[in-house]
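Report on the structure given below.
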Number of protein chains: 2
Amino acid sequence: MTGTEFYKHLKDIGCKLTEQRKIIIDVLIENPGHHTAEEIFTLVKNKNSKMYFSTIYRNLELLTNHKIVEKLSIVDGVNHYELNGLDHHHHVICNKCGQMIQIDMCPYIENHLAEKIKSMNFRPTNHKFEIYGLCDRCSKE
Amino acid sequence: MTGTEFYKHLKDIGCKLTEQRKIIIDVLIENPGHHTAEEIFTLVKNKNSKMYFSTIYRNLELLTNHKIVEKLSIVDGVNHYELNGLDHHHHVICNKCGQMIQIDMCPYIENHLAEKIKSMNFRPTNHKFEIYGLCDRCSKE
DNA sequence: GTCACTGCAAAGTGTTTGCATCGCG
DNA sequence: CGCGATGCAAACACTTTGCAGTGAC
């Protein structure tokens with residue numbers, strides 16, 4: 001999806017298309033992958049735009065509720081956000097330096113889990129798969 | 001492992017066996033599964049023991065570092081802790097009521113991922129697999 | 001013009017830290 | 001009795017909330 005398409009989507013679901021929302025979406029498009037609210041704040045500032053954390057959080061929450069953004073609680077009490085549906089992937093995360101490496105395999109799809117979970121009367125919407133350990137560099141130190 | 005064995009393990013790795021540590025371990029043994037620091041605090045209080053959050057956090061951190069306890073960052077900025085190695089399982093989590101249901105299947109083991117990840121020069125130590133959605137009751141509401 | 005949204009400040013929640021005292025080994 | 005552990009208070013980091021003013025439609 002392009003920026004304009006995201007903008008249109010927002011209006012379609014009855015949200016006002018404010019300058020701040022455009023900037024947040026632009027920043028997420030221009031910087032693929034997951035970012036903390038802090039990182040998004042910095043990226044917004046780099047575009048010479050002033051914005052408060054509350055605006056960022058409120059909009060990330062809104063975008064998450066509308067499935068435009070995905071919220072990941074990967075590391076100790078810090079949420080990461082990324083545009084949803086652009087690509088589906090999981091992570092290998094270094095316990096020492098915090099580096100996150102994407103992996104393409106998805107055990108959920110490969111093992112046909114969706115049907116199994118539905119048979120438990122559970123309606124799955126999304127899933128998370130993460131492997132922790134030490135990356136190449138950190139394991140050598 | 002029994003309580004006494006956990007106590008011994010602590011001494012073996014050079015930690016003092018304080019009353020507070022015994023209580024935390026006892027509480028974790030008596031209440032299998034994952035708990036927040038808050039829940040552990042309440043469980044400790046129910047045993048008529050007074051303990052500060054700092055003591056709980058410091059010890060959970062210590063036990064986590066020594067792989068006696070596993071720390072899970074599952075939900076929005078709240079860590080959950082549980083005794084490690086008692087049983088290996090993953091979770092199905094309801095987005096509405098927060099209920100966590102254990103599932104026994106492990107995609108990591110079933111797909112022989114350990115070797116694949118090692119071939120990336122990454123040393124895996126643990127992993128997390130979670131499926132989010134709506135549980136039976138919440139999806140009916 | 002209306003109402004959703006933002007700026008700003010202040011509070012809230014979960015967690016960590018500093019320091020004096022305590023108690024395990 | 002020495003040093004690691006705890007009690008307690010205070011700080012911290014991330015996030016949410018309340019309210020008045022602003023701007024999209």
Side-chain angles (χ1 to χ4, degrees), chain A residues 4 6-27 34-45 47-66 68-81 98, chain B residues 4 6-27 34-45 47-66 68-81 98:
Chain A
T4 329
F6 277 114
Y7 299 168
K8 187 174 175 308
H9 187 179
L10 263 186
K11 300 191 79 174
D12 288 348
I13 56 181
C15 295
K16 286 190 181 164
L17 186 55
T18 63
E19 202 50 40
Q20 291 83 339
R21 284 185 183 155
K22 280 189 197 165
I23 294 170
I24 291 174
I25 290 175
D26 290 350
V27 153
H34 33 71
H35 306 282
T36 61
E38 175 100 42
E39 284 162 2
I40 294 168
F41 176 75
T42 307
L43 290 167
V44 165
K45 219 163 58 180
K47 283 175 99 66
N48 293 315
S49 312
K50 199 171 162 242
M51 203 183 301
Y52 269 71
F53 267 106
S54 49
T55 304
I56 291 175
Y57 278 114
R58 277 193 274 232
N59 282 315
L60 288 173
E61 190 67 24
L62 175 96
L63 296 169
T64 303
N65 291 340
H66 289 292
I68 297 169
V69 157
E70 190 180 358
K71 187 181 195 170
L72 312 160
S73 325
I74 296 183
V75 194
D76 271 16
V78 190
N79 295 316
H80 287 238
Y81 302 86
Chain B
T4 330
F6 277 114
Y7 298 167
K8 188 175 175 307
H9 187 181
L10 262 188
K11 302 189 79 172
D12 288 347
I13 56 181
C15 297
K16 284 187 183 169
L17 187 54
T18 63
E19 202 52 37
Q20 290 85 335
R21 283 182 183 158
K22 279 188 197 167
I23 294 170
I24 291 174
I25 290 174
D26 290 350
V27 155
H34 32 72
H35 305 282
T36 61
E38 176 100 44
E39 285 162 2
I40 294 168
F41 177 75
T42 306
L43 290 166
V44 164
K45 217 162 60 178
K47 283 176 99 69
N48 293 317
S49 312
K50 199 171 163 247
M51 202 182 302
Y52 270 71
F53 267 106
S54 49
T55 305
I56 291 175
Y57 279 113
R58 276 193 274 233
N59 281 316
L60 288 174
E61 189 67 24
L62 175 95
L63 295 169
T64 303
N65 290 339
H66 288 293
I68 297 168
V69 158
E70 191 180 355
K71 186 181 197 169
L72 312 160
S73 326
I74 297 185
V75 194
D76 270 16
V78 189
N79 294 317
H80 286 238
Y81 301 86

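Computed from heavy atoms alone, side chains included, the values below leave out hydrogens, waters and symmetry copies. So you know, we letter chains A, B, ... as the sequences are listed, proteins then strands, and number each from 1. These figures come from a predicted structure and were not determined experimentally.
Taking side-chain N and O atoms only, B:Tyr57 has a distance below 4.0 Å to OP1 or OP2 of C:dT15. Phosphate contact (OP1/OP2 of D:dT6, side-chain N/O of B:Tyr52, threshold under 4.0 Å): absent. The phosphate of D:dT6 has neither OP1 nor OP2 within less than 4.0 Å of any side-chain N or O from B:Lys50. Remark: A:Asn79 is in phosphate contact with D:dT15, judged by side-chain N or O atoms under 4.0 Å from OP1 or OP2. The side chain of A:Lys11 places no N or O atom within less than 4.0 Å of a non-bridging phosphate oxygen (OP1 or OP2) of D:dA24. Phosphate proximity of C:dT6 to A:Thr18: present, with a side-chain N or O under 4.0 Å from OP1 or OP2. At D:dG7, one or more side-chain N or O atoms of B:Thr55 fall inside 4.0 Å of OP1 or OP2 (strictly under the cut-off). Between A:Gln20 and the phosphate of D:dG23, there is no side-chain N or O to OP1/OP2 separation shorter than 4.0 Å.
For B:His80 and C:dT15, the NE2 to C1' distance is 14 Å, given to the nearest whole Å. One interatomic measurement links the two molecules: CD1 of A:Ile56 to C1' of D:dT15, which rounds to 12 Å at whole-angstrom precision. Rounded to an integer number of Å, the gap from B:Asn65 CG to C:dT16 P is 11 Å. Straight-line distance from the CG atom of B:Asn59 to the C1' atom of C:dT15: 14 Å, rounded to whole Å. Here C:dA4 presents its P atom at 13 Å from CG of A:Leu62, a figure rounded to the nearest Å. Atom CD1 of B:Ile13 and atom P of C:dG25 are 13 Å apart (whole Å). In this structure, B:Ile23 atom CD1 and C:dG23 atom C1' are separated by 14 Å, rounded to whole Å. With rounding to whole Å, B:Leu60 atom CG is found 15 Å from C:dG14 atom P.
Residue order along DNA chain D, read from the 5' end via each residue's closest nucleotide, puts B:Cys15 first among B:Cys15 and A:Lys16. Both A:Glu19 and B:Glu61 lie close to DNA chain C; mapped to their nearest nucleotides by heavy-atom distance, the more 5′-ward contact belongs to A:Glu19.
Residue-level contact check: B:Arg21 touches the backbone only, with heavy atoms under 4.0 Å from sugar-phosphate atoms and none from bases. Using a 4.0 Å heavy-atom distance criterion, B:Thr36 is classed as making no nucleic acid contact. Residue contacts for A:Lys22: at a heavy-atom cut-off of 4.0 Å it reaches no nucleic acid atom on any strand shown.
Taken from CD1 in A:Ile24 to OH in A:Tyr81, the straight-line distance is 11.0 Å, to the nearest 0.5 Å. A:Lys47 contributes atom NZ, which lies 15.5 Å from atom NZ of A:Lys45 (distance to the nearest 0.5 angstrom).
Using a cut-off of 4.0 Å between Lys/Arg side-chain N and Asp/Glu carboxylate O, B:Lys8 and B:Asp12 are scored as salt-bridged.
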Subject >> Stepwise side-chain hydrogen bond (donor to acceptor under 3.5 Å, both in side chains) test for B:Asp26 and B:Tyr7 >> reply: CA-CA 10 Å; B:Asp26 290 350; B:Tyr7 298 167; 2.6 Å; yes

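Closest approach to the A:Ser54 side chain among C:dT16, C:dA9, D:dG2 is made by C:dA9 (side chain taken as heavy atoms from C-beta onward). If you check D:dC25, C:dC5, C:dT17 against the side chain of B:Arg58, the one that comes closest is C:dT17.
Using cut-offs of 30° and 60° on the angle between ring planes, the pair B:His34 and B:His80 is perpendicular.
The residue from A:Tyr57, A:Phe53, A:Tyr52 that alone fulfils the side chain to side chain contact (heavy atoms under 4.5 Å, CB included) condition with A:Thr55 is A:Tyr52.
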